[in-house]
Student: 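The following block contains the structure, expressed as structure tokens.
Bear in mind that the values here come from a model prediction, so they are computed numbers and not experimental data. Numbers for residues simply follow the sequence, beginning at 1. Every number for a ligand or one of its atoms is a count from 1 in the order of the listing.
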Amino acid sequence: GLKIATIGGGSSYTPEIVEGFIKRYDELPVKDLYLVDIEEGKWKLDIVGALAQRMVEEAGVDMKIHLTLDRREAIKDADFVTTQFRVGLLDARIRDEKIPLRYNCIGQETTGAGGLAKALRTIPVILGICKDIEELAPDAWLINFTNPSGIITETVNKHTNVKAIGLCNVPVLMHMISADILGVDRNDIRMDLVGLNHLVWGRDVIYKGESKIDEVIERTLSGNIETVKNVANIPWGDDLLKSLGMLPCPYHRYYYLTDHMLQEEIEAAKTKGTRGEVVKKVEAELFKLYKDPNLKVKPKQLEQRGGQYYSDAACNLISSIYNDKGDIHYLNVPNNGAVDCLPNDSAIERTCYVDKEGAHPLNVKALPTKVTGLLQAVNAYESLAVEAGVYGDYDSALQALVIHPLVESSIAKPLLDDIIKENIDYLPQF
Ligand code: NAD
Ligand code: G6P
Ligand code: MN
Ligand code: MN
């Protein structure tokens, strides 16, 4: 049987991954699931862990749920380690959203300055987790879901010996939506998807060997299709979409519609609150539900969170590696030459072939200039963010913001100084 360790087990998303393992039990017999958290999150772990226990009993599968604050015990001899932790919890996220807004700059937890702050807090923790994996479970796969997922995956691949794959639900949603737009079975399409995490383009949608991207774009023009709950669904504009000729991901709105998104964020902060503040309320509601001893399945209300379907992605991936399936996934992996305009050791998000050896990105035919400029700029930002996070290097952090397309360069320094000052408890490297 398999042993899985899930770091950040107190997450409200945990019922998703538990449901994912229950559904796949026949092909993926998880005997021991360790849910790991820290003192700060123990109350969450206790509530969601008890629900996980009830879910497993209700389903009648032989899976032991272990709740622990001892990460090393959980990692020892694990086959897979999954990560879904949030350093500093939602209060830190809300700061990531609000600090940039003070400078009239996009305030988002993964994209732009907020993403850098989150990366700087997360990198020391992921490096500690990887030390434990190297020592206690050197053959384990790390399936990283913790944001910023691309930067964290790149950090692990550059600075540790751990086998790591990064995940995001956005490509999964883009796949589902494309199939739905075409009115075909979701299993019958494959996307040619390429870019970085939260900056990924759907270059093509292949149905029965035929390119369907034009049809998907044509139908996206008229409808205003929601992808994730956490990004305002501002229309792209027909000219923009037609000239792009590819399917943008929802996060592209921060780059393609910057002013609209900024105005929307400013307005939201004044009225309903930032996304982090909204999620705080959703989370309180979810944990109230989770406490109900009669609840024995994943509740519908979890769909209010932006990360829905992530566990399908995670459990499918784990099963493909374990069962040597040789099927297709959309993953964050080292580039290794797949995209010729990016460094080999950068993390890319790409259509991948997965077998027991891991994830292999499919080759990419040369990308057009309309995407390489933005792609290379954000990739350079991400590499500098990794340097800054690993070494506590102020100059790299500053240059990361200076070159970031969403940060007006003259505010980079005061913005960075605020970020460091207000996160200093979580920045041992600085
Ligand atoms: P959350 O605030 O509920 O945090 C999850 C748990 O992590 C908490 O119980 C917390 O106590 C715990 N934690 C914090 N520091 C820890 C540490 N050092 N070790 C172990 N546990 C620790 O967060 P959430 O909303 O469930 O999101 C979790 C993470 O997953 C975030 O980083 C979020 O950005 C990410 N996420 C990613 C995707 C994706 O597409 N890749 C989708 C949704 C969420
Ligand atoms: C999307 C992204 C995730 C992100 C999540 C936020 O699905 O892919 O990376 O963490 O939304 O959702 P939330 O409900 O926390 O705002
Ligand atoms: Mn994501
Ligand atoms: Mn800049």
Student: Which atoms of ligand 2 have any heavy atom of Arg93 under 4.0 Å away?
Tutor: 13 (P), 15 (O), 16 (O)

Student: Of all the heavy atoms in Gln308, does at least one lie under 4.0 Å from an atom in ligand 2?
Tutor: no

Student: Check contact between Tyr309 and ligand 2, using heavy atoms of the residue and a distance below 4.0 angstrom.
Tutor: no

Student: Less than 4.5 Å apart, any side-chain heavy atom of Gln84 and any of Ser11?
Tutor: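 SC-SC contact between Gln84 and Ser11 confirmed.
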
Student: Could you tell me which atoms of ligand 2, counted from 1 in the order shown, lie closer than 4.0 angstrom to a heavy atom of Arg305?
Tutor: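 Atoms satisfying the 4.0 Å criterion: 13 (P), 14 (O), 15 (O).
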
Student: Taking only heavy atoms of Leu89, which atoms of ligand 1 are found under 4.0 Å from at least one of them?
Tutor: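 Ligand 1 atoms under the 4.0 Å threshold to Leu89: 2 (O), 8 (C), 10 (C), 11 (O).
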
Student: Say whether Tyr394 and Asp417, considering side chains only, have a donor N or O and an acceptor N or O under 3.5 Å apart.
Tutor: yes

Student: Counting heavy atoms only, which part of Arg71 comes closer than 4.0 Å to ligand 1: side chain, backbone, both or neither?
Tutor: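 The answer is neither.
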
Student: Note the single closest protein heavy atom to atom 11 (O) of ligand 2, along with its residue, its atom name and the distance in Å.
Tutor: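 Result: Asn230 OD1, 2.9 Å.
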
Student: Show the atoms of ligand 2 that are less than 4.0 angstrom away from any heavy atom in Asn169.
Tutor: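 Here the atoms of ligand 2 in question are 1 (C), 2 (C), 7 (O), 8 (O).
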
Student: Between Tyr13 and Leu286, is there a side-chain heavy-atom distance shorter than 4.5 Å?
Tutor: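 No, side chains not in contact.
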
Student: Are side-chain N/O atoms of Lys76 and Tyr34 paired as donor and acceptor at under 3.5 Å?
Tutor: no

Student: I'd like to know whether the aromatic ring centres of His198 and Tyr255 sit less than 6.0 Å apart in this structure.
Tutor: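 Judged by ring-centre distance (under 6.0 Å), His198 and Tyr255 do not meet the cut-off.
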
Student: Under 4.0 Å from a heavy atom of Glu109: give me the atoms of ligand 2 that qualify, with their elements.
Tutor: 6 (C), 10 (O)

Student: Do the side-chain N and O atoms of Thr82 and Thr6 include a donor-acceptor pair separated by under 3.5 angstrom?
Tutor: yes

Student: May I ask you to identify the nearest protein heavy atom to atom 16 (C) of ligand 1, giving residue, atom name and distance to one decimal place in Å?
Tutor: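 I find the closest protein heavy atom is Ile38 CD1, 3.6 Å.
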
Student: Closer than 4.0 angstrom, basic N to acidic O: yes or no for Arg93 and Glu97?
Tutor: yes

Student: Can we say Asp46 and Lys42 salt-bridge, meaning some charged N sits less than 4.0 Å from an Asp/Glu carboxylate O?
Tutor: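 Looking at Lys42 together with Asp46, the answer is yes, because their closest N to O distance falls below 4.0 Å.
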
Student: Measuring from atom 20 (C) of ligand 1, which candidate in Val48, Leu90, Ile7 has the nearest non-hydrogen atom?
Tutor: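 Comparing heavy atoms across Val48, Leu90, Ile7, the nearest one to atom 20 (C) of ligand 1 lies in Ile7.
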
Student: Scan Met246, Lys370, Met174 and name whichever one has a side-chain contact (heavy atoms from CB on, under 4.5 Å) with Trp201.
Tutor: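 That would be Met246.
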
Student: Look at atom 29 (C) of ligand 1 and find which of Tyr13, Phe85, Tyr309, Phe287 reaches it with the closest heavy atom.
Tutor: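 The nearest heavy atom belongs to Phe85.
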
Student: Quick test of your reading of the structure: of Asn147, Thr110, Asn144, whose heavy atom lies closest to atom 36 (N) of ligand 1?
Tutor: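 Comparing heavy atoms across Asn147, Thr110, Asn144, the nearest one to atom 36 (N) of ligand 1 lies in Asn147.
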
Student: Any atoms of ligand 1 less than 4.0 Å from a non-hydrogen atom of Asn169? List them with their elements.
Tutor: 40 (O)

Student: Does ligand 2 have any atom sitting under 4.0 Å from a heavy atom of Arg275?
Tutor: yes

Student: Does a donor on one side chain and an acceptor on the other come within less than 3.5 Å for Thr83 and Asn144?
Tutor: yes

Student: With heavy atoms of Gln84 as the reference, note each atom of ligand 1 found under 4.0 Å away.
Tutor: 5 (C), 28 (C), 29 (C)

Student: Do Arg275 and Val279 come within less than 4.5 Å of each other through their side chains, counting heavy atoms only?
Tutor: yes

Student: Between His66 and Asp32, do the side chains contain an N or O donor and an N or O acceptor separated by less than 3.5 Å?
Tutor: yes

Student: So is there a nitrogen or oxygen of Glu40 less than 3.5 Å from a nitrogen or oxygen in ligand 1?
Tutor: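 Such a contact does not occur with ligand 1.
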
Student: Is Leu167 in polar range of ligand 1, meaning some N or O pair under 3.5 Å apart?
Tutor: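 Indeed, backbone or side chain, Leu167 has an N or O that close.
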
Student: Which residue and non-hydrogen atom of the protein lie closest to atom 26 (O) of ligand 1, and at what distance in Å?
Tutor: Ser11 OG, 2.5 Å

Student: What protein heavy atom sits nearest atom 12 (C) of ligand 1, and how far away is it?
Tutor: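 Checking every protein heavy atom, the shortest distance to atom 12 (C) of ligand 1 gives Asp37 OD1, 3.3 Å.
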
Student: Which residue owns the protein heavy atom closest to atom 1 (P) of ligand 1, what's the atom, and how far is it?
Tutor: Lys44 NZ, 3.6 Å

Student: Check whether the side chains of Glu267 and Gln263 place a donor and an acceptor atom closer than 3.5 Å, and report yes or no.
Tutor: no

Student: Will you find, in the side chains of Ser396 and Glu387, an N or O donor that is under 3.5 Å from an N or O acceptor?
Tutor: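 Not at all, the side chains of Ser396 and Glu387 share no donor-acceptor pair under 3.5 Å.
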
Student: As an exercise, identify every atom of ligand 2 less than 4.0 angstrom from a heavy atom of Gly306.
Tutor: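 Answer, ordered by atom number: 1 (C), 5 (C), 7 (O), 11 (O), 12 (O), 13 (P), 14 (O).
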
Student: Could you tell me how the ring of Phe287 sits relative to the ring of Trp43: parallel (under 30°), tilted (30 to 60°) or perpendicular (over 60°)?
Tutor: tilted

Student: Is it the side chain (CB and beyond), the backbone, both or neither of Arg93 that lies under 4.0 Å from ligand 1, heavy atoms counted?
Tutor: neither

Student: May I ask whether Tyr310 has any heavy atom positioned less than 4.0 angstrom from an atom of ligand 1?
Tutor: no

Student: Any idea which protein heavy atom is nearest atom 18 (N) of ligand 1, and the distance to it?
Tutor: Val125 CG1, 3.5 Å

Student: Classify the angle between the aromatic ring planes of Tyr256 and Trp236 as parallel (below 30°), tilted (30 to 60°) or perpendicular (above 60°).
Tutor: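 Answer is perpendicular, since the angle exceeds 60°.
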
Student: Taking only heavy atoms of Cys168, which atoms of ligand 1 are found under 4.0 Å from at least one of them?
Tutor: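 The atoms of ligand 1 under 4.0 Å from a heavy atom of Cys168 are 39 (C), 40 (O), 41 (N).
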
Student: So does Glu277 pair up with Lys272, basic N to acidic O under 4.0 Å?
Tutor: no

Student: With atoms numbered from 1 as shown, which atoms in ligand 2 lie under 4.0 angstrom from a non-hydrogen atom of Val228?
Tutor: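 Within the 4.0 Å cut-off of Val228, ligand 2 contributes 1 (C), 7 (O).
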
Student: Give the atoms of ligand 2, by number and element, whose distance to some non-hydrogen atom of Val279 is under 4.0 Å.
Tutor: 13 (P), 14 (O), 15 (O), 16 (O)

Student: Hey, is Tyr13 touching ligand 2 through its side chain, its backbone, both or neither, going by heavy atoms under 4.0 Å?
Tutor: side chain

Student: Using a strict cut-off of 4.0 Å, indicate which atoms of ligand 1 neighbour a heavy atom of Gly10.
Tutor: 9 (O)

Student: Counting only heavy atoms closer than 4.0 Å, does ligand 1 sit against the backbone of Phe145, its side chain, both, or neither?
Tutor: both

Student: Need the ligand 2 atom indices (1-based, order shown) with element for anything under 4.0 Å from a heavy-atom of Val170.
Tutor: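 In order of number, 8 (O).
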
Student: Which of the numbered atoms in ligand 1 are under 4.0 angstrom from any heavy atom belonging to Gly41?
Tutor: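 Every atom of ligand 1 under 4.0 Å from some heavy atom of Gly41: 11 (O).
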
Student: Looking only at heavy atoms of Glu283, does any of them come nearer than 4.0 Å to an atom of ligand 1?
Tutor: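 Right, Glu283 reaches ligand 1.
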
Student: Quick one: angle Cys168 SG - the Mn ion (ligand 3) - His198 NE2, to the nearest 10°?
Tutor: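 Approximately 100° at the metal, rounded to tens of degrees.
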
Student: Examine the proximity of ligand 1 to Thr146 and report which part, side chain or backbone, both or neither, has a heavy atom under 4.0 Å away.
Tutor: both

Student: In the protein, which heavy atom is nearest to atom 27 (O) of ligand 1, and how far is it?
Tutor: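 Result: Arg86 NH2, 3.5 Å.
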
Student: Output the list of atoms in ligand 1 that are nearer than 4.0 Å to some heavy atom of Lys118, sorted by atom number.
Tutor: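 Near Lys118, meaning under 4.0 Å from one of its heavy atoms, ligand 1 has 31 (C), 32 (O), 34 (O).
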
Student: Provide the closest heavy-atom pair for Ala385 versus Ile151 in the form atom of the first, atom of the second, distance.
Tutor: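 For Ala385 and Ile151, the tightest heavy-atom pair comes out as CB-CD1, 4.1 Å.
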
Student: Is it the case that Asp355 and His360 place a side-chain donor and acceptor less than 3.5 Å from each other?
Tutor: yes

Student: Does any non-hydrogen side-chain atom of Lys131 lie less than 4.5 Å from one of Thr160?
Tutor: no

Student: Knowing that exactly one of Ile321, Leu142, Leu28 qualifies, which makes a side-chain contact (heavy atoms from CB on, under 4.5 Å) with Phe80?
Tutor: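 Per the side-chain contact (heavy atoms from CB on, under 4.5 Å) rule, the option paired with Phe80 is Ile321, out of Ile321, Leu142, Leu28.
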
Student: Against ligand 2, does Asn147 come closer than 4.0 Å with any heavy atom?
Tutor: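 Yes; Asn147 lies near enough to ligand 2 that a heavy-atom distance drops under 4.0 Å.
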
